[in-house]
Protein chains: 2
Amino acid sequence: MYHNVYFCGMENVCKICPFSSKTATPLNECDFEQLSENHVVVKFAKGDAIIKQGTYSTNVAFLRMGLVKIHLKGPSHEQIVRLVKAPAYLGLPTTFGDKINQYSVTSVTNAEVCYIDITTFRDLLKNNDLFSYEIILDLCRNELESFHRCSNRTQKQARGNLADVLLELSDRIFESEKFMLPLSQSELGNLIDTSRESISRMLSEFNGDGIIRVNGKEIEILNKKSLIVISQNG
Amino acid sequence: MYHNVYFCGMENVCKICPFSSKTATPLNECDFEQLSENHVVVKFAKGDAIIKQGTYSTNVAFLRMGLVKIHLKGPSHEQIVRLVKAPAYLGLPTTFGDKINQYSVTSVTNAEVCYIDITTFRDLLKNNDLFSYEIILDLCRNELESFHRCSNRTQKQARGNLADVLLELSDRIFESEKFMLPLSQSELGNLIDTSRESISRMLSEFNGDGIIRVNGKEIEILNKKSLIVISQNG
DNA sequence: AATGTTTTGTGACATGTATCACAATGTGTA
DNA sequence: TACACATTGTGATACATGTCACAAAACATT
């Protein structure tokens, strides 16, 4: 675990803007200056805790690089609620809520997080309509995603959910048919609400059926269509 | 099903403000005038569809009175993702997203909804920092709630989830130990991801154990402590 | 290389709950 | 009042998946 903290110069601040790649928010001169003076970048190694449930937080965290998992203590075990890929803001509910982190965020790959002073962030929201609008857009997208995820997870059975995750990793996270599993099998279990053993059995099954090829942590999707079918059959 | 549409005069507009009862947003004179000219109130009877998944929407809906359910088509059946009590905005993700409603909203009691023209609403956001801030706060709260709900629903078994819902109805929705179930048993099943039959059996069980008293749709909570224990045991 | 620790594979078994079936009861409507 | 239709109660059965147990493999550390 290493923390490499450094202050950003102007040349790095721009990395904050493309928060939503589709509709990047232009910041004006003044905004730039404010930001460059009030934020700090921290590097995290794979597995490091970026945000810890229950702790106090006074900064806004912007994930500028890497992949992280959002997880929280459930009634019976730790639950991973989603994977988040840079660029994205982390822990906004804490920023606008009671300042106590309601969930943990842990890096799944090496990651870089940019911390912005909370008052600077709020001023930015106040003075930059487009910026607030972006934040609202993002929160709305998350809400929809939560709804869909919730209805999927609870209605499908384990095979379907695992197929979903494999497709998500391939399509959205790594954008490749072949990738290294960023999570252990028990983490995958926590993500789709099933046991470690079931994950192991299902991966073997998919492998045996020629749908994927498993080689250690390396996964190659051989038959995407089958995966989609599995993911759709309840 | 009856629709009683009427335009609001100034005296009604104020009902829009207490969107978050804790931190009501003060609107200035100008805002008031804009709003009173650009919104319409519609009454819905119990069971009416307020928003229908898949339809196009150009208005912001503000639930000023009543109780509604948010539900969407899941892979195997309709799923109720949450109950929402007035006052609250409905369908914000649609407002800020692609204008196609991603979920349905149906009234569970009689309800009154105030429709605000979308551009008026956006202008309001632009010109009123506090207002945008309220919206962001609300969305953040929803995100947290979604996370917790998701981890509860998937980790607890049916008894625990039913206990949860009964407690929520008593504490948050009706604020009374005794209330009429606003949903049928199959709707309750869709809410906590279990079958209609299981709901029936569990209600009988709770009734037999003296934890609640069931009389038709009327429920009285006799032993809240037991319900809490049940809700916490996975 | 040797050793301890974490992760993975797989069998046997227990169990919560979905599903089917059908009766009973409640509710709205002509 | 009567009839159709939706809701609820309850038994019998099936099955997906959690849990336990233990071996094999992978990985890290000295």
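Atoms considered below: every heavy atom in the structure, side chains included; atoms not considered: hydrogens, waters and symmetry mates. So you know, we letter chains A, B, ... as the sequences are listed, proteins then strands, and number each from 1.
In this structure, Ser231(B) contributes its side chain and Ala163(B) its backbone to no donor-acceptor pair below 3.5 Å. Judged by distance alone, with hydrogens and angles left aside, the side-chain atoms of Gln53(B) form a donor-acceptor pair with the main-chain N or O of Lys73(B) at under 3.5 Å. Side-chain N or O atoms of Asn101(A) include one that pairs as donor or acceptor with a backbone N or O of Thr55(A) at under 3.5 Å.
Side-chain contact check for Asp48(B) and Ser107(B): no donor-acceptor pair (N or O, by modelled atom type) lies under 3.5 Å. A donor atom on one side chain and an acceptor atom on the other are found under 3.5 Å apart for Gln79(B) and Gln155(A). For the residue pair Arg196(A) / Asn190(A), no side-chain donor-acceptor distance below 3.5 Å is found, with atom types taken as modelled.
Ile192(A) places its CD1 atom 9 Å from the P atom of dG18(D), with the value rounded to the nearest Å. The CG-P distance, from Leu188(A) to dG18(D), rounds to 14 Å in whole Å. Going from atom CD of Glu187(A) over to atom P of dT6(C) covers 14 Å, rounded to whole Å. One atom, CD of Glu205(B), and another, P of dT8(D), lie 18 Å apart when rounded to the nearest Å. In this structure, CG of Leu181(B) is placed 16 Å from C1' of dA6(D), rounded to the nearest angstrom. For the pair Glu218(B) CD and dT7(D) P, the computed distance is 20 Å after rounding to whole Å. Between Leu183(B) atom CG and dT7(D) atom P the separation is 12 Å, expressed in whole Å.
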Table of protein N/O atoms under 3.5 Å from nucleotides 28-30 of chain C N/O atoms:
none

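With respect to Arg153(B) and Asp164(B), no salt bridge is recorded, no charged nitrogen being found less than 4.0 Å from a carboxylate O.
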* Where along nucleotides 25-30 of chain D does protein come under 4.0 Å, by heavy atom, of base (B) or sugar-phosphate alone (S), with - for untouched nucleotides? -> ------

* Could you run through nucleotides 9-17 of chain D and give me one letter per nucleotide, 5' to 3': B if any protein heavy atom sits under 4.0 Å from the base, S if only the sugar-phosphate is that close, - if neither? => BBBB---SS

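Checking each of Ser195(A), Ser200(A), Ser198(A) against Gln185(A) for a side chain to side chain contact (heavy atoms under 4.5 Å, CB included) leaves exactly one that passes, namely Ser200(A).
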* To do: Apply the test side chain to side chain contact (heavy atoms under 4.5 Å, CB included) to residues Leu72(A) and Ile80(A): give CA-CA distance (whole Å), side-chain angles for both, the deciding distance (0.1 Å), then the verdict.
  => CA-CA 7 Å; Leu72(A) 43 83; Ile80(A) 300 178; over 6 Å; no

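Proximity of the aromatic rings of Tyr89(A) and Phe121(A) is defined here by a centroid distance below 6.0 angstrom, and this criterion is met.
Taking OG of Ser57(B) as the start and OH of Tyr115(B) as the end, the distance is 7.5 Å to the nearest 0.5 Å.
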